[in-house]
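Have a look at the structure below, then the notes.
Please read all numbers here as calculations on a predicted model, not as lab measurements.
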Amino acid sequence: MSELKPCPFCGIPFKLVTSPWLDGTPGYEVEHVDVMAAAEAKCPMVMTCYSSVEETERAINTRSEQTCTMVRDERSGPDEAWPVYWFVCSRCGEQSLGGYLFDYPRCPHCGAKVVSA
């Protein structure tokens, strides 16, 4: 197993943990070594489950090299009571709340650097 790069948002190191899929198939993800420090830093990192240790390491260790664009999800729109805009990442396809882009210009799912929104 290779060493994991730290979180691209808060800089706190990661550790590999097992996290089985709902059907019981083995799955792997990372979590912050110091979860409380990550929470205090308001780290927006969203953990994703992978099928192998190698896939997990590759995904985590290449995050800082990847870029994406955030495309406004047409299904979202201004709610008169609370205007919320959702965006979809061009790299991983996951939907995210748009407001975080101002504080952390990275996708919270794949960690890619957002080059335009």
Side-chain angles (χ1 to χ4, degrees):
M1 181 166 92
S2 65
E3 187 173 326
L4 295 170
K5 290 184 179 179
C7 179
F9 296 100
C10 64
I12 296 172
F14 284 129
K15 64 181 176 182
L16 185 71
V17 295
T18 57
S19 178
W21 297 91
L22 292 176
D23 66 1
T25 305
Y28 304 89
E29 63 184 18
V30 295
E31 68 180 30
H32 293 97
V33 171
D34 188 342
V35 176
M36 292 304 293
E40 289 173 6
K42 297 181 181 168
C43 182
M45 178 73 181
V46 176
M47 301 303 161
T48 301
C49 194
Y50 299 94
S51 299
S52 71
V53 171
E54 295 78 18
E55 183 183 10
T56 307
E57 290 173 344
R58 184 173 45 258
I60 297 304
N61 289 340
T62 61
R63 286 175 180 232
S64 62
E65 302 162 10
Q66 305 297 325
T67 60
C68 68
T69 58
M70 288 290 186
V71 180
R72 181 161 173 219
D73 187 337
E74 293 303 318
R75 293 172 293 171
S76 68
D79 178 327
E80 291 177 18
W82 186 53
V84 176
Y85 295 96
W86 291 89
F87 290 84
V88 176
C89 175
S90 65
R91 181 168 180 267
C92 68
E94 293 290 335
Q95 188 181 46
S96 302
L97 185 61
Y100 79 90
L101 293 172
F102 301 108
D103 295 328
Y104 294 99
R106 291 187 173 275
C107 173
H109 299 279
C110 68
K113 182 178 179 182
V114 177
V115 293
S116 71

Decide yes or no for [X] and [Y]: does some side-chain heavy atom of the first lie under 4.5 Å from some side-chain heavy atom of the second?
{"X": "Thr56", "Y": "Glu29", "value": "no"}
{"X": "Tyr28", "Y": "Thr18", "value": "yes"}
{"X": "His32", "Y": "Cys43", "value": "yes"}
{"X": "Glu57", "Y": "Leu4", "value": "yes"}

Spatial distance of atom [atom1] ([X]) from atom [atom2] ([Y]) [nearest 0.5 Å]:
{"X": "Cys7", "Y": "Glu31", "atom1": "SG", "atom2": "CD", "answer": "12.5 Å"}
{"X": "Ile12", "Y": "Glu40", "atom1": "CD1", "atom2": "CD", "answer": "8.5 Å"}
{"X": "Arg106", "Y": "Met70", "atom1": "CZ", "atom2": "CE", "answer": "11.0 Å"}
{"X": "Cys107", "Y": "Gln95", "atom1": "SG", "atom2": "CD", "answer": "11.5 Å"}

Where [X] and [Y] come nearest, the two heavy atoms and their spacing:
{"X": "Pro44", "Y": "Phe9", "value": "CG-CD2, 3.6 Å"}
{"X": "Gly27", "Y": "Trp21", "value": "CA-NE1, 3.7 Å"}
{"X": "Gly93", "Y": "Val88", "value": "O-CG1, 3.6 Å"}

* Shared hydrophobic cluster, Leu16 / Val33 (ILVMFWY, side-chain heavy atoms < 4.5 Å) ->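 No, Leu16 and Val33 fall in different hydrophobic clusters.
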